[in-house]
Amino acid sequence: MTRNDPRAPVLVEDPSVAFSCAPQRPALRHLGRASLRTSRSGTRRRALGQAPRVLLVVPSYTRVVEPSPQGSSFRALGLDTFEVMKRAGTPIGLLRIAANARLAGFDVRIVDSPFAGWEQERRHVDLGNGSSLVRYGLDDEQLRSLIEEFDPDVVGVQCIYTVQWGNARALADLVKDIDPGIVTITGGAHPSGDWRYAVPDSPFDHVVINEADQTFTALLRALTEEDGDIDAVPGIAYRRADGAVVRTTAASPYMRILPKRQGLDQRLGMMPLPDFGMLDMRQYEQAYHSSGKRVRDHGSWAQIFSTIGCNVGCDFCYIPMVNGPWRALGTDWFDLHLAEIRKHGVTEVLIEDDHLLHDPLYAMEVCKLLRKHDLPWVEEGGLSLFNLVLLHLGEAFADGMDEAERRNPNFRNVLAAMRAGLTCRDLIKAMADGGCYSVYLAVESANEDSLVESGKPRLNAFQQATGDVVEMFTEYGIQVTGGFMLGFVNPPERPGGEPYIESLEQIEKTVDYAVTLMGRGMAYANPFIVTPLPGTKMWDFQKDYVVRHYDNGWSHEKATMATDEWSAEDIERARLDLLVRANGADKVVEMVRRGTWPVDA
């Protein structure tokens, strides 16, 4: 193998942890030990003809509760406390890896701690200055009881949010307290992007990096088979006895799913249907989900997907790294998926596709299937506004785009749909006919420079066209939550150059944009603060601006960075100002009361 061969292992001989959790958290008790290369209990079970046991867990979550910033719009409303919202959903990532592991003969159980103990809230860590981490979900004694009762050989812990890393690593510590011989594994967006530090910063034996559907099962086999070799498993990282971190390959083994070339059986072999029977679906019967109020007062809601991956490549987004390129699973696969979840009492769904509108004609077929199975739905992954704007502006605008922009591969399917006669109105009507009642529209910024610098198409900043799109959604009875990002920071074009830092004046333009779109019929304006996510293109540069640890700065509702242009507190005040100016006092107070977006279909 050549030195740059992606199949070659990667060695980090002296890893140092750049960022971690609140120093006020209890110290971990099981740091620094060599990763277990085999599961003795799992190997023993296998020798006795029994299935090795695998417990998959979503850790209990925490959120920051603190005094509202002085001089902020919240203070003016009499809201003296700022609370990060509770965010969680059905663990579709765990369902995906569980499906493959069960087919391979493992006994798998899933515990969704946040939802199993949703109403259990307690102060967990005092951060000082009136701030604290509030924990929601199962407590340690409940988790200990579940783990001891199941007696697992391997425990896998999901960590899709950097802000929840402290809870994932604490759960691994609890598992090692129960039995140091239990193999602990983590995966998801955070450890995938931060594997160099996640391995030395936690008691996890292994990190599964990026798309884990098949890698996780390969690792389970290597851990529980007599001659298993973890170094033969692609895309994992572990800790040697000398403290060095080993990544077995630099490459990530993304699944090649090609509906036009592969039959349904072949695709089901790579991506089996997630079995929602592994979850207690009564946990998801609340009247509200993370995007607002449900339209049905019976049954469960669930997060599902019809495609995976994304090709846009925004500098601030980890999806292309973790989930790989955009792939349709096939309408036949999706048809079976919907039929299966209906058997488990699901009556409405949240579509979590990373890029639902990458192929608008495929999305039209998805809408028909959702109608066929009578599943009202919400789009929560973030609709690509630039595709809708391009469809709305039509061929005359497309013909006038410069050649480089027109050849952007992200526009290829949109231009093909346009040539086939599809309009933006047609697509939105098809969504409404298919049962869509709410969408999350990824507007993001009023500033073309901020968008282009971060790898996003400039069309999102076309305010007149965006307003037209919002009005079309509203006309067809679909509520629109608009997402806005504040505080872009991008590397200089060349070494030694000046970085791009969005000014407070530019941020004010985005606030004005949100106010304008609310006047065009948008239901709710939801501002996020640009946050350097491990593993993204922005990460290596932006981490130099970080002023907070993972627990209190990585929620997108709290500022993580400070620059010479603005402080973290400046950006937080700007976010609260957008919330109040765009939505009005009543909606903000209702949002605080509900703990979720105040969007009612």
If you compare all heavy atoms of [X] against all heavy atoms of [Y], which two are closest, and at what distance to 0.1 Å?
X: W333; Y: M271; answer: NE1-O, 2.7 Å
X: R29; Y: D173; answer: N-OD2, 2.8 Å
X: V346; Y: L375; answer: O-CD2, 3.7 Å
X: I182; Y: K176; answer: O-NZ, 2.8 Å
X: S131; Y: D126; answer: O-OD1, 3.3 Å
X: N583; Y: A525; answer: OD1-N, 2.8 Å

- Query: Is the shortest heavy-atom distance from the side chain of E340 to the side chain of F276 under 4.5 Å?
  - Reply: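 They are not in contact (no side-chain heavy atoms under 4.5 Å apart), so the answer is no.
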
- Message: Using side-chain heavy atoms (C-beta onward) and a distance below 4.5 Å, is W195 in contact with V10?
- Response: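 Yes, at least one pair of side-chain atoms sits under 4.5 Å.
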
Should [X] and [Y] count as an ion pair when the cut-off is N to O under 4.0 Å?
X: D205; Y: R37; answer: no
X: E557; Y: K86; answer: no
X: K543; Y: D194; answer: no
X: E285; Y: R294; answer: no
X: R63; Y: E83; answer: yes
X: E66; Y: K558; answer: yes
X: R122; Y: D139; answer: no

- Which residue pairs pass the side-chain hydrogen bond (donor to acceptor under 3.5 Å, both in side chains) test when at least one of the two sits in residues 107-119, sequence neighbours left out?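 Listed by first then second residue: R109-E149, D112-Y284.
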
Looking at the rings of [X] and [Y], which for Trp means the six-membered one, are their centres under 6.0 Å apart?
X: Y318; Y: H190; result: no
X: F19; Y: W539; result: yes
X: W301; Y: F115; result: yes

- Query: Under 3.5 Å, is there a donor-acceptor pair between the side chain of W554 and the main chain of W165?
  - Reply: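 Absent.
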
- Message: If you apply the rule side-chain contact (heavy atoms from CB on, under 4.5 Å), what do you find for T184 with H30, and how did you get there?
- Response: CA-CA 12 Å; T184 52; H30 299 276; over 6 Å; no

- Task: Answer yes or no for R96 and F216: cation-pi contact, defined as NZ/CZ to six-membered ring centre under 6.0 Å and angle to ring axis within 45°.
- Result: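 No cation-pi geometry.
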
- Find out whether the Lys NZ or Arg CZ of R87 is both under 6.0 angstrom from the six-membered ring centre of W597 and within 45° of the ring's axis.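 Yes, a cation-pi geometry holds between R87 and W597.
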
- Please list, chain by chain and in numerical order, all residues satisfying side-chain contact (heavy atoms from CB on, under 4.5 Å) with P376, sequence neighbours excluded.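 Per chain and number, P376 pairs via side-chain contact (heavy atoms from CB on, under 4.5 Å) with V295, R296, E348, Y437.
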
Let me confirm one number: the [atom1]-[atom2] distance from [X] to [Y], rounded to the nearest 0.5 Å.
X: I529; Y: S555; atom1: CD1; atom2: OG; value: 7.5 Å
X: E211; Y: S192; atom1: CD; atom2: OG; value: 10.5 Å
X: I236; Y: T215; atom1: CD1; atom2: OG1; value: 8.5 Å

- Message: As a quick check of understanding, evaluate side chain to side chain donor-acceptor pair (under 3.5 Å) for R46 and T224, giving each step before the final call.
- Response: CA-CA 7 Å; R46 191 180 285 281; T224 60; 3.0 Å; yes

- Determine, stepwise, if the pair Y550 / D201 fulfils side chain to side chain donor-acceptor pair (under 3.5 Å). CA-CA 12 Å; Y550 286 150; D201 189 37; over 6 Å; no

- Item | Test log, rule side-chain contact (heavy atoms from CB on, under 4.5 Å), inputs I147 and Q142 | CA-CA 9 Å; I147 294 166; Q142 291 168 316; over 6 Å; no

- Task: Only one of R40, R45, R44, R53 passes salt bridge (charged side-chain N to carboxylate O under 4.0 Å, His left out) with D153; say which it is.
- Result: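 The passing option is R45.
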
- Item | Test side-chain contact (heavy atoms from CB on, under 4.5 Å) applied to L95 and I110, step by step | CA-CA 8 Å; L95 287 170; I110 295 177; 3.7 Å; yes

- Message: Restricting to salt bridge (Lys or Arg N to Asp or Glu O under 4.0 Å), what partner residues turn up for E148, sequence neighbours left out?
- Response: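 Partners of E148 under the salt bridge (Lys or Arg N to Asp or Glu O under 4.0 Å) test: R144.
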
- Message: Atom CZ of residue position R282 - does it have more than 12 heavy atoms of other residues, nucleotides or ligands inside 6.0 Å?
- Response: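 No, not enclosed.
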
